[in-house]
Every structure is written in C-alpha cells, then in structure tokens.
Asker: 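I'd like to ask some things about the structure below.
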Amino acid sequence: MVRVTVDPLTRVVGPLRLDTEVDENGIIKEARSSNMIFRGFERIYRGQDPRDSILLSQRICGVCPVAHSIAAVNALDELYGVAGSVPKDALVARNINQGLNTVSNHLLHFYILWAPDLANPAYGNVMSTFGDLGASVWKELLGRFAPISYKIGGELIPPGSSYVGVIPMKKRLHDAGAVIGGKMPHQTVTYPGGVTNNPTTSDIQTLSSIMSEVVDFLNKNVISIPFEDWIENTYKASSPKKAVDFFIEHLNELTEMSLQKNDLSRPNGWGDVELYSAFGSELIGEELLGLPISLKHDKMSGYNDLSKIGLLSYGGFYNVGHEGYDPTSPSGDRFQTSGFMTSSLEYHDFDSNKVTENVKHAFYDDYEGDRHPYEGVTEPFTDPDRINYDNFSEEKYTWSKAPRYDGIPCEVGPLSRLLIMKEPLVTGLVQLFRDNNYSPFNSFTRMMARMQELFIITNEMIKWITTDLDPNGRFRVDIDMSMGRDSRGMGLCEAPRGALGHWLITDDESKVANYQIVTPSAWNLSPRDSEGVPGPLEQALVGCRISAVDNWLGVDFSNPTGILHVGRSYDPCITCAVHTIDLTGKNPPGIFRLL
Amino acid sequence: MSEGNTNSDSSVNDLDFLRMDWHKFLKARGSGGSFKLLENYKNDTQGDPDFPVTHVLWIQGAQCTGCSESLLDASNPGLLKAFEILNIDLERHEAFLAHQGLFVDGEPANTSELNSEILLDEISERGNYILMVEGAIANGPEGSGKYFMSGNRSSKDMFKKAAQNADLIIAVGTCAAYGGINTANSDIVDILDYRGVAFTKKDPSKGMLKVLGIDKPVINIPGCPPHPDWIIFTLSAIISGNVKIPDDLPEVLDEFGRPKVFFPPDHNVHKDCPRKEFFKNKEFDSCAGGEKCLLRMGCQAFLAHADCALRKWNDGHSYCVQSGSPCIACVEPDFPDNARPLYSSKKNKKSIKKEGD
C-alpha cells in the first residue's frame, strides 16, 4: 500500500486534506477527508442581536455569500413570524440575487477551480499516444483550460482562452449583484420581511442587459447550439429520454463533422461543454460516439455501496407564484423541489427533523448518538497534541461534523437538486449510466449537472427579471422586534454547492442563545459517522484509479489526477464546513426554551 | 487620449497614487479611467516601456476567499490586463493556479510545477517577492497554530516561511490586516487566538509578525472585502517606484498601516453620503426600506475611513448605503465588534455575555 495525500487540495475554499491508501495497481482502497480549519464561527452570534447573522454569515464564504444571507434571513423570517407574508417582489429580488451568485459560482467552479485539471500534463502524455486526434484533444484542453502562471517541463503555458474569458463574465455578474444587492462579494440588502432596497426600472434594464451578456457568453463559449434551443430540447423536453437523445444526436453530428480533419475548435462547433461531454466520458465518447479515447471521468467517484448514500435537496429558490413561503420547505414551495432521493432514485418528501450531526470522528469531545442542529453541542479540542492528521489510524481526523439524513450520508449539490426536481437531461443521463452498468453518480454526471443548472438558472433569471420583478411592487413587510423573544427559526436554502441550513434560537431578551449552521460541504466532505460509515466524498474516492485515464500509462503516485478530479467535482468549501456551538457543554439543550 | 482629458492627464502624469490627495485621485481616475492611469505610469518610467517583473507570492489563512473574488472584479483594466501592464508574476495562489500539495508516503512529491508546498519553499528560499496575505493566521490552540493546518504545517509556520524573505508584505482584507471576523468577540476568541499580520484589532504588539519576531514592511488594505482598485493601485504605486519601500511608507500610510489615499484619516464615508441632508435635518429611518438617514438602523459610516461613497463598488454600480443597508465600517481595525449590533444604534454593548452569566 502507498499512502497518497493531497494537502492542501487547492482551488477550493479553505484547506482540505484528502488522505488515501492506494494499492500497487493504483486503486484507492481507503480514503479520508479532513477539513483542517477551526473558526468557531457561530459562537460570535451568542448573546447578540440575531440580525447580525445576515451580514456576518456571509463572511463564512466569499464565493457563495448570498446563500448564507438567504439561509440567515429565512431563519429570521421564521423567528419574527413574517415568512408567510414576505411580498412576492421581495422573493423575486432575493431569487435574482441568489441566482446571480449561483451562475457566477458555477462559472468560477467549472473554469477557474475545476477545469485547470484538464490541462494536467498527464493528459498530454496520454493523448500523445493517440495520433492526430489525441493531439487535437490536448491542444484544446491546454489551449482552453490552462490556468495563469502554468508551467509544463519548465515552459510557461499561456493561460487558456476559456480561463481568461470567464473572468470578465464573472465580474459582470458581480456588477449585477451590486445592482440588486448593493455590492459583491458580501451583498447588503437581505433583511427579515424582504429586502432593504427598491429595484428601479433602470436597475431592471441593467440586469436584463447583463443577462444578455451571460447568454452571449454561453453561446460563444459553452455550447454551440443557441441557448433557447438548448433549453427547449433539454430542460423543457417532454421526457428524460428525449433530452438525452437530443444531446447524443447533437454530439454525434459534431463528431461526424470533425473527425476527418481532427478539428475540435470552437468555431467548428465544439463549445466547452460539448468538448467535455464527448471526451470526458467513456460511455458517451467511446461507446456511443465511437471515439477512440476519453478521459473516463464517468468511471470516477461512483459509490460502491448504494445502500449507504442518498441525495438531498432542501429546495432552491422561492416559488414566486404567491406571497410568502413555508420555512419547512415542503416540496411544492420552492422553484427547485425539496426532497430526499435514495440511490435507486426513489423520491421521498423532505422532513427537516431527520437532519442530525455527530462528532465521533471530529476533533470534538464525543456525545451519545446523533443530534438535531437545534440541539447541537460541541466541545472542540484545545490541546494541540490531540489535533493530528498524520496518523491514518487515528479515530479523529477532521473539524467537520458528520451530518446525516435519517442516518444516511447524502450527496448535495447540482446533481442532487436536478434529480430531485426531475430535470430531464440530468435524470436521463443518470438513467443512461445506470442502464449501462456505470455508477450513475460520478465526476462526469456531477459536472454535467452543474453546467445544466447554469443554463436552467440563467433561463429562470431572465423570467424573474423581465416578467416577475415589478418595480412598483412591495419589497418588504415591517418586522415586530418583540416577536424575536424566546423564539426560533430555521433557514433552509440551496447554496450553489448544495443544501445549506441555519438554525437559530433566541432567549427572553431576544438575543441569540444557540446558532447552528450545517453547510453543503459538511454533507459532501463529511467524515465517518458513529456507525463508521464514511461520508460521500470518502466513499467516492474508494475504488477510484488515481492516475489519468484509468491508469492508462501506468500508475503515477506523484500526480494523482483521480483524487484531484473526485475531490474538486464536489466544489468543496472548507471554511463553510467547520463550525461550533457549545464549547464547555455547560448549556445542554434543555436550557434552551424550545417552542 | 482625447483633448478633453489633457488637464487631468498632466496632473496624472506627475502623481504618486499613494501620495495624492484622495479627492484628486478619484477625479483623475474618473476622467481618464484607471486603465489610462496605469498606461501613463508605464510610459513615465524613463522611456522603458516595461516594468521589471514583480514576483508575487499569495497565501491564504482563515478567510472566505472573498478578497480574491473581489480582486477578480477589477475593472478598467481587468485583473489579467493589470497584471500584464505591471508585469506581475503571480507565482502561487491557492485558488487560481494549477498547484496543490502532493505527498507520497508523507514525502513531498512531484515538482513545484504541480506541488504548491514545494513551490512555496522554493519561492520563499529564493526571496525577491511581495507576499500578499489573505486571511487571519491561527495562533491557537496554545500558540501552536493548529487551528489552521495546510500542507502538513500550521498556517503560522506557513506564514513564517513566506514572510522571512519577503521584500514587502501586503495584508489583503480586514482578516489579514487586523484579524477581522476571526477575532470577533466571543467566549472562545482567546482560545482561537487568530492574528492579523502586523496588528490584531488595533494592537500592533499582537500582530503575527511580532509573535514570530520578524520585522518586515507591511501595507494593510482592509475591507471586507477590499475594493479591487485599492489592491491594484497600491501594487501600481510600488511597482512604478513612486513609493519607495520601506522609506516612503510612514508618509503614505496611516497609523493602522492603510494607504491614506484610499482610507483618508480626515474623511469618512458619511461625509459623502447621498442621504446626508436627512442627517442634517435629523430625519432618521428606524426600519428597513426608507430613504432617510440610516443612523438608527446602525449605520457606522461616520467611523469608516474609506472612499466607498464616491468610488462605489463593482464598477461604480452601488454601495452599502445606496442599497438601503447601514455601513458596517468593515475597513476599521476593530471590525466587526465596532459595528455590532449591526442594525441598531446601540453600540455600547461591547462585552458579550460570558458563559454561565
């Protein structure tokens, strides 16, 4: 066994360590995910005005700040009893604010954080064994996705066209974020009862114009089919099969048109998603399109035991068909349905009471059983000698707790969301992989779901901005501060990287008595739980081949592209994933006045 | 350049960004655009069209990557263009570059082309770079720094390695400058013990450099996050040679290490507030969504030494008060405690309830 450790896994937010044991065939046998920062974030809320969490929670994550403010404000809406009466236009404004951040996040993740791994020199080596086609593939991967300051063999590689191109687009999305939200990162307008600003007609024009730029960007860089046609034939297809048929047929046409000349350029119809769709997946590229080579990302990060994994969504974006919303997030109340899905794609209604956490393998003193976030108790290690990552056999190895839903580890994020909302293309792709004996949840489907969600949210944003947002509408209801006494609130939302929940309890002076945050990365990057069941990322790493294209050129322990792809496919955010509630255990849950 | 800009351009040509009166700076930027400002800088350097390369080593501590996100929002020129004009070689950055830490059986593996930890060692041993720090540095628990580990070392050790041979350290954002949100008051703040580079809150004796016994010139660019202009123009002033390191720093920085041109000691965000008339007439909003003075909603603009109200954010689109939200003085050394409770004018409750009180 060889121990291969990626520490830190960069191009994520915060320090993440992935520790693996790999056999001589280059197959990962054991894996551990360690979040290596302790910030004690929720403690700063204790004894303070609960509204502080709107702005301060965003400082947990500068990449998805809006989601933290939405989760915080949802908890406050319930705390002050106004969730049912937030005006429709305020919900639309919050949706636009969150939507801009989701689109910006997905672009950042795909192009800046994830795609540079496609330009890993290992792929150059593999492709060089596949003649002119291999050379063409490598030319495109390097020419599009190379990051800045990138060297291979001492030679400085110019940054890729897609990498360079996405930065101005991201900036424009933050410009739009400032129009609707004051500034970005860390917007300022979410407030219990609605939003603090009144978007004007001119704001709506600016937002519309920036959304046109987004659509242009998608058409020029991401896919060669016009945006509207893509939406019509995938997201709005009448069945998952029709969506997948359209997708495969389109790739087929591109392939037939290009292979003779080995021209995989963008002008020849190969947008970034088309290139990745054809060459990222063995099933689609090699088996269905008849290509001689693929990156085989669909053979990475499948779950080995499907009874030990589920998919979870709290429900993303408000349903703007009516005023107010239900804080418990029943399935019909959000644009993206809430729900729990088993790994055999069986849907169940979401029940927030089934969310628990335990600390058996984290650097906190143990407690019996699992606890609901409202009852969270945490006692972090304060002895430096007890904080160690080196010894693979140590029981405790991370600052992240282990969240479970009904006792089951859950993958959260775009793949879970799109399956639970029955999005045709992603549902169809997952079924396609399952029917062909591939793990349906893999690095390829996970990335495709993220890109498909980018299209869907862009499409929905245009509707929210041009149809739903009424500058003459109402943007808030006033709150009665006395309602915040001896109260509690649950804020559920979908951050770009998955299910995000804030739980909040106040005392008889309307100050925070307990505040608990369970983030998407706590779900995905969870350690083993009290039963010893590993978290989703840990499960996904086991069985994965560490070197490029299924160890095509043999095993290179010093360049474990498999670990890099699997880890980054979850869009990890470590600073989100670590938190604390109760240092000394002097405040057992009983003393909170649960209503 | 157009004829109409001649006056402001001539004033731009002989200016030192960091020595300039801040109002004049904003005016010059407004008429010529910062791109022109940078181009002029470039053309002014003794006929040499190119600045010599400036190496930048970026490290992250306890932070949210919001500062890096904000830097990506740089406009006129965009970030990569600015780097090109200034000839900045960003050698290492945890969020943007190809590298990661790689270990095989505990030993560093591969080369600095892919391994961020080997790269960090190589750069820091070579010297000749500006160190940019994003995020606070862990000192806890018990001085070990183990509340933040990365690449088999504590962030304290990582910072020490990176700081020792740096020519200059720029603390980007309030966390790196003063500890920021990581040092917000709580019953465990002393156990966590996060530190800024040269200050912790207002106290220079508690900066991580003092803890480590390292003496280096430091420029603080606070803000949660900082405006991208503040970062790019600070780099410009240094690279152009108009501000000499370390000799000129006492002149251009305030008592908390901030460039006075962006964080004017004699000026604050309130003085340029579009709602100032309401303040004069004592017309205050006490709930969200009004158009009057936000003082009773907790606004701290009169304590915030920054140019937000004129510069505005995200290419001039808006800023906190314009969107109906109170200024929380995020550029100040004692942020966020100075501004809490954020939505109330009662700021006198500095001490929080201790456990068991």
Side-chain angles (χ1 to χ4, degrees), chain A residues 2-11 13 15 36-40 43-44 47-49 51-52 55-56 59-63 112 116 147-151 164 167-168 170-171 174-175 178-179 182-186 188-189 191 196-197 382 384 387 475-476 478 557-559 575 583-584 586, chain B residues 62 64-66 69-70 72-73 78-80 90-91 94-95 97-105 109-110 113 116 141-142 144 146-152 181-182 184 186 188 191-192 225 287-289 313-315 317-320 323-325 328 336 340-344 352-353 355-356:
Chain A
V2 176
R3 186 149 166 225
V4 179
T5 312
V6 179
D7 173 11
L9 183 77
T10 50
R11 282 182 272 122
V13 179
M36 299 184 295
I37 178 176
F38 177 66
R39 286 175 95 189
R43 283 309 268 255
I44 68 174
Q48 299 271 353
D49 186 325
R51 291 173 297 171
D52 284 5
L55 297 177
L56 297 189
R59 273 70 188 179
I60 293 172
C61 181
V63 180
I112 308 279
I148 49 173
S149 306
Y150 190 40
K151 284 181 192 160
V164 171
I167 294 176
K170 250 196 64 61
K171 173 204 156 325
H174 273 190
D175 289 352
V179 170
K183 87 180 205 307
M184 274 301 282
H186 304 329
T188 60
V189 303
Y191 193 77
T196 63
N197 60 337
T382 55
I387 302 163
F475 288 91
R476 69 200 63 83
D478 285 341
F557 295 108
S558 77
N559 188 8
T575 52
L583 176 67
T584 63
K586 282 182 195 162
Chain B
C64 71
T65 309
E69 276 268 350
S70 186
L72 285 176
D73 292 340
L79 179 65
L80 297 185
L90 180 65
E91 291 191 272
E94 281 103 324
L97 270 48
H99 321 92
Q100 48 272 308
L102 298 168
F103 297 86
V104 177
D105 287 331
N110 215 302
E113 289 185 355
S116 57
E142 297 178 9
S144 69
K146 277 183 149 183
Y147 279 149
F148 185 111
M149 298 281 288
S150 179
N152 267 343
I181 193 90
N182 304 286
S186 76
I188 59 169
I191 293 168
L192 288 169
C287 53
W313 279 72
N314 302 98
D315 223 354
H317 277 97
S318 190
Y319 82 109
C320 305
S323 69
S325 185
I328 57 175
R340 303 186 76 182
L342 302 180
Y343 292 99
S344 159
I352 70 142
K353 279 182 162 184
E355 195 81 33

Asker: Given a strict heavy-atom distance threshold of 4.5 Å, which part of Leu90(B) is in contact with chain A: side chain, backbone, both, or neither?
Answerer: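 Interface part for Leu90(B): both.
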Asker: Would you call the rings of Phe38(A) and Tyr147(B) parallel, tilted or perpendicular, where under 30° means parallel and over 60° means perpendicular?
Answerer: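 Answer is tilted, since the angle falls between 30° and 60°.
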Asker: Looking only at heavy atoms, which two atoms of Ser325(B) and Leu55(A) are closest? And how far apart?
Answerer: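 Smallest heavy-atom distance, with atoms named: OG-CD1, 4.5 Å.
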Asker: Find out whether Arg340(B) and Ile44(A) are in side-chain contact, i.e. whether some heavy atom of one side chain is under 4.5 Å from a heavy atom of the other.
Answerer: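 Yes, close enough: below the 4.5 Å cut-off.
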Asker: Tell me, for Leu97(B) versus chain A, whether the close heavy atoms (under 4.5 Å) come from the side chain, the backbone, both or neither.
Answerer: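 For Leu97(B), heavy atoms of backbone and side chain both lie under 4.5 Å from chain A.
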Asker: CD1 of Ile188(B) to OG1 of Thr382(A): how many Å apart, nearest 0.5 Å?
Answerer: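 Answer rounded to 0.5 Å: 10.5 Å.
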Asker: Shorter than 4.5 Å, heavy atoms on both sides: which option in Gly151(B), Pro336(B), Cys320(B) has the most such pairs with chain A?
Answerer: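 That would be Gly151(B).
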Asker: Do the non-hydrogen side-chain atoms of Leu79(B) and Lys171(A) ever get within less than 4.5 Å of each other?
Answerer: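 Side-chain contact under 4.5 Å: no.
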Asker: Is a donor from one side chain sitting under 3.5 angstrom from an acceptor on the other, for Thr10(A) and Ser116(B)?
Answerer: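 No donor-acceptor contact under 3.5 Å links the two side chains.
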Asker: Sort His186(A) into side chain, backbone, both or neither according to what part of it lies under 4.5 angstrom from a heavy atom of chain B.
Answerer: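 Contact with chain B is through the side chain of His186(A) alone.
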Asker: At a heavy-atom distance under 4.5 Å, which candidate from Glu69(B), Glu94(B), Lys146(B) has the highest pair count against chain A?
Answerer: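 Going by pairs under 4.5 Å, I would pick Glu69(B).
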Asker: If you count heavy-atom pairs under 4.5 Å between each of Val4(A), Asn197(A), Ile387(A) and chain B, which one has the most?
Answerer: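 So the answer, after comparing Val4(A), Asn197(A), Ile387(A), is Ile387(A).
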Asker: If I compare all heavy atoms of Pro8(A) with all of Gln100(B), which pair ends up nearest, and what's the gap?
Answerer: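 Looking at all heavy atoms of both residues, the closest pair is O-CB, 3.4 Å.
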Asker: Rounded to the nearest 0.5 Å, what separation is found between the CH2 atom of Trp313(B) and the OG1 atom of Thr188(A)?
Answerer: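 Atom-to-atom, Trp313(B):CH2 and Thr188(A):OG1 are 11.0 Å apart.
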Asker: With a 4.5 angstrom heavy-atom cut-off, could you sort out which part of Phe475(A) is near chain B: side chain, backbone, both or neither?
Answerer: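 Neither part, no heavy atoms under 4.5 Å.
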Asker: Would you say the side chain of Pro185(A) lies within less than 4.5 Å of the side chain of Asp73(B), judging by non-hydrogen atoms?
Answerer: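 Yes, their side chains come closer than 4.5 Å.
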Asker: Which residues pass the side-chain contact (heavy atoms from CB on, under 4.5 Å) test with Asp478(A), not counting sequence neighbours?
Answerer: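 Scan of Asp478(A) (side-chain contact (heavy atoms from CB on, under 4.5 Å), adjacent residues dropped) gives Cys287(B).
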Asker: Does any backbone or side-chain atom of Arg51(A) lie under 4.5 Å from a heavy atom of chain B? Answer side chain, backbone, both or neither.
Answerer: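 Contact with chain B: backbone and side chain both.
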Asker: Could you give the distance from OG (Ser150(B)) to CG (Leu9(A)), rounded to the nearest 0.5 Å?
Answerer: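 Interatomic distance, Ser150(B) OG to Leu9(A) CG, rounded to 0.5 Å: 10.5 Å.
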Asker: Sub-3.5 Å donor-acceptor pair from the side chain of Asp7(A) to the main-chain atoms of Gly101(B), do we have one?
Answerer: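 Judged by distance alone, no pair lies under 3.5 Å.
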Asker: Heavy-atom pairs under 4.5 Å with chain B - which of Asp49(A), Asp175(A), Ile167(A) has more of them than the others?
Answerer: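 Heavy-atom pair counts peak at Asp175(A).
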Asker: Find the distance between CG (Asn182(B)) and CD1 (Ile37(A)) and round it off to the nearest 0.5 Å.
Answerer: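 Nearest 0.5 Å value for the CG-CD1 distance: 6.5 Å.
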Asker: Heavy-atom distances under 4.5 Å only: say whether Pro384(A) touches chain B with side chain, backbone, both or neither.
Answerer: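 Both backbone and side chain.
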Asker: Given a strict heavy-atom distance threshold of 4.5 Å, which part of Asp105(B) is in contact with chain A: side chain, backbone, both, or neither?
Answerer: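 Both backbone and side chain.
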Asker: Taking every non-hydrogen pair under 4.5 Å, which of Lys151(A), Lys170(A), Arg59(A) racks up the most with chain B?
Answerer: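 The candidate making the most pairs under 4.5 Å is Arg59(A).
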Asker: Under a 4.5 Å heavy-atom cutoff, which of Ala184(B), Ala109(B), Ser144(B), Ser318(B) has the most pairs with chain A?
Answerer: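 Top option by heavy-atom pairs under 4.5 Å: Ser318(B).
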Asker: Give a yes or no answer on whether the side chain of Asn314(B) reaches the backbone of Lys183(A) with a donor-acceptor pair at less than 3.5 Å.
Answerer: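 No; judged by distance alone, with no hydrogens or angles, the pair does not exist.
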Asker: Mind checking the CE-NE2 spacing from Met184(A) to His317(B)? Nearest 0.5 Å is all I need.
Answerer: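 If I round to the nearest 0.5 Å, the distance is 14.0 Å.
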Asker: Name the region of Pro225(B), side chain, backbone, both or neither, that has any atom closer than 4.5 Å to a heavy atom of chain A.
Answerer: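 Pro225(B) touches chain A through backbone and side-chain heavy atoms alike.
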Asker: Which distance, rounded to the nearest 0.5 Å, do you find between the OG of Ser344(B) and the CD of Gln48(A)?
Answerer: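 Between atom OG of Ser344(B) and atom CD of Gln48(A) there are 11.0 Å.
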Asker: Within the distance-only criterion (no hydrogens, no angle test), does the side chain of Thr196(A) pair as donor or acceptor with the backbone N or O of Ser323(B) below 3.5 angstrom?
Answerer: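 A pair under 3.5 Å: yes.
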